[in-house]
Amino acid sequence: MDRIRIVGGNALNGIIPISGAKNAALPLMIASLLTSDTLTLENVPHLADVEGLIRILGNHGVDIAVNGRREHQDGSYSRTVHFTCRTVADTTAPYELVSKMRASFWVIGPLLAREGQARVSLPGGCAIGTRPVDLFIEGLTALGAEMEIDGGYINAKAPKGGLIGARYTFPKVSVGATHVMLMAASLARGTTVIGNAAREPEVVDLANCLNAMGAKISGAGTSTITIEGVTSLSGARHRVLPDRIETGTYAMAVAMTGGDVTLSGTDITLLDTAIEAIRRAGAEVSAVDGGIRVIGHGDAIRPVDIVTEPFPGFPTDLQAQFMGLMTRAHGVSHVTETIFENRFMHVQELARLGAKITLSGQTARIEGVTRLRGAPVMATDLRASVSLVIAGLAAEGETMVSRVYHLDRGFERLEEKLTRCGAIVERISD
Ligand code: UD1
């Protein structure tokens, strides 16, 4: 199993190209199940989760052609991928595949809309909480589907003639359930109005792509989304939006180590709340042509309290990284997690580096320390693992992060991007 070795202490200076967003690419890829034409996606990141979903979609009958593996002039590495699902070969998504990645459960929406039925294993994914699927069941039931749980699978069946548009308000904001409702309602008969919809930029990206395919969706990016069903969707060409979580992660790394880095190919407006928190912590962050410039001052980090919330609030996917940053702040800060109940597994690993963190319910109290010391640590989930890398970059001596397969799910060529900016980071394959 690969490990990542970091020798901390170097400031970061240079350019880091930001990849296409994993959390946008996954639902966009799944949308290819809605049409017999080709959906072409540009700026698809090369990640373990994307490769995993390619296998899952292949099982459903999607032909996939990849080009653009070459490196671009600016050091970015985006790929263009063509997805064509002439006919759906299989409406079952088996346990072996779905258990590895929660987002693959989302195939339930397009399969049900296009084929009138789906049998999908209950999901797996990061071990950050119970992550139930009740909202998917309720939402699809509102569109007329019969939903039944049987032997670890959900059997879903649309009424004769297909799903029927309806009004449905989510009792809780869910990104995945909003994606699934957008896809399912696009091919339903009549109009669907979704209340309390997720407002994440990735939802807007999916809606834009579906509209390019012929869907009639309005209101994406607000809490109320209206979808007028159409009888069929066509192919389209769409560019995956930049990864705001990768953007925020590297911005926090620079705030932590000090230095001057331009994050290219990204957009500051995708993560206003996180940028505000990074600024309050003392780093200078500004929009520049084609990206964001971050100037960090390393030793002068100020304590900042944050609370994770659905977009436009502070993203839960940046919580661990921000806690990493706060371990070196001059004073006490608090990080409160409201989205996932078990998303503090990085706390004990950060403590191995010398961080002083106490947990009380869903809030962590972080007392900043003047220095962190390198140590062996273990990645426990995708975002937690990168918080250990950030902390390792600022720690004295060597940090060895094991179980880096978590990192490979969501961060494209992390060691290379950091090394180019002066960090000492290497992958060790045993
Ligand atoms: C997506 C993101 C993930 C991010 C999360 C919250 C992808 C691939 N993943 O995950 O990186 O951390 O949004 O921003 O885009 N819930 C229920 N019932 C349901 C569904 C969800 O109670 O049926 C709960 C979850 O347990 C959680 C909350 O709703 O507490 C939000 O989860 P959700 O927005 O659905 O997360 P994902 O879409 O799985």
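Counting begins at 1 with the first residue of the sequence. Predicted model, so just to flag it, every value in this text is computed and none were measured. We count ligands from 1, going down the list as the structure has it; atoms in each ligand are counted the same way.
In terms of polar-atom proximity, Val175 is counted as a contact of ligand 1, with an N or O under 3.5 Å from an N or O of the ligand. Backbone and side-chain nitrogen or oxygen atoms of Asn23 are examined, and one is located within less than 3.5 angstrom of a nitrogen or oxygen of ligand 1. Remark: ligand 1 and Asp134 share an N or O pair separated by less than 3.5 Å (distance only, no angle test).
Of the options Ile137, Val173, Ile245, Asp317, the smallest heavy-atom separation from atom 11 (O) of ligand 1 is shown by Asp317. Counting heavy atoms only, Pro132 comes closest to atom 20 (C) of ligand 1 of the residues Pro310, Pro132, Ala25. Closest heavy-atom approach to atom 28 (C) of ligand 1 within the set Gln319, Lys22, Lys172: this belongs to Lys172.
Between Phe314 and Phe322, the distance separating the two ring centers is shorter than 6.0 angstrom.
The two residues Met183 and Leu34 have their closest heavy-atom pair at O-CD2, 3.7 Å. Residues Ala166 and Leu143 share a closest heavy-atom pair of N-CD2, 4.0 Å. The two residues Ile268 and Ile275 come nearest to each other via the heavy atoms CG1-CG1, 4.1 Å.
The shell of residues lying under 4.0 angstrom from ligand 1, judged by heavy atoms, excludes Phe105. Residue Glu337 places every heavy atom at 4.0 Å or more from ligand 1. Not a single heavy atom of Ala177 sits under 4.0 Å from any atom of ligand 1. The shortest separation from a heavy atom of Arg102 to ligand 1 is under 4.0 Å, placing the residue in contact.
Proximity of Phe136 to ligand 1, defined as any heavy-atom pair under 4.0 Å, is shared by backbone and side chain alike. Neither the backbone nor the side chain of Arg409 comes within 4.0 Å of ligand 1, counting heavy atoms alone. Within the 4.0 Å heavy-atom criterion, neither part of Phe170 lies near ligand 1.
Listed by number with element, the atoms of ligand 1 under 4.0 angstrom from any heavy atom of Ile339 are 27 (C), 30 (O), 31 (C). Remark: ligand 1 atoms within the under-4.0 Å shell around heavy atoms of Gly176 are 35 (O), 38 (O). For ligand 1, the atoms lying closer than 4.0 Å to a non-hydrogen atom of Val133 are 19 (C), 23 (O). Taking every heavy atom of Thr316 and a limit of under 4.0 angstrom, the matching atoms of ligand 1 come to 6 (C), 12 (O), 14 (O). Annotation for ligand 1: atoms under 4.0 Å from non-hydrogen atoms of Arg343 are 12 (O). Counting the atoms of ligand 1 from 1 in the order shown, those under 4.0 Å from a heavy atom of Trp106 are 7 (C), 8 (C), 15 (O), 38 (O).
Asp63 and His82 share no donor-acceptor pair across their side chains, judged by distance under 3.5 Å alone. Side-chain atoms of Thr308 and Thr316 include no donor-acceptor pair closer than 3.5 Å.
Of the residues listed (Leu270, Thr247, Thr262, Val261), the one engaging Ile292 in a side-chain contact (heavy atoms from CB on, under 4.5 Å) is Thr247, and it is the only one.
No side-chain donor-acceptor contact under 3.5 Å links Gln117 to the backbone of Lys157.
At most 12 non-hydrogen atoms from other residues, nucleotides or ligands lie less than 6.0 angstrom from OH of Tyr95.
Relative orientation of the His346 and Phe344 rings is tilted, given thresholds of 30° and 60° on the angle between their planes. A perpendicular orientation is assigned to the rings of Tyr250 and Phe411, their planes being inclined by more than 60° (bins at 30° and 60°).
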Chi angles and distances behind the salt bridge (charged side-chain N to carboxylate O under 4.0 Å, His left out) call for Arg5, Glu426
CA-CA 5 Å; Arg5 177 177 170 269; Glu426 63 173 341; 2.8 Å; yes

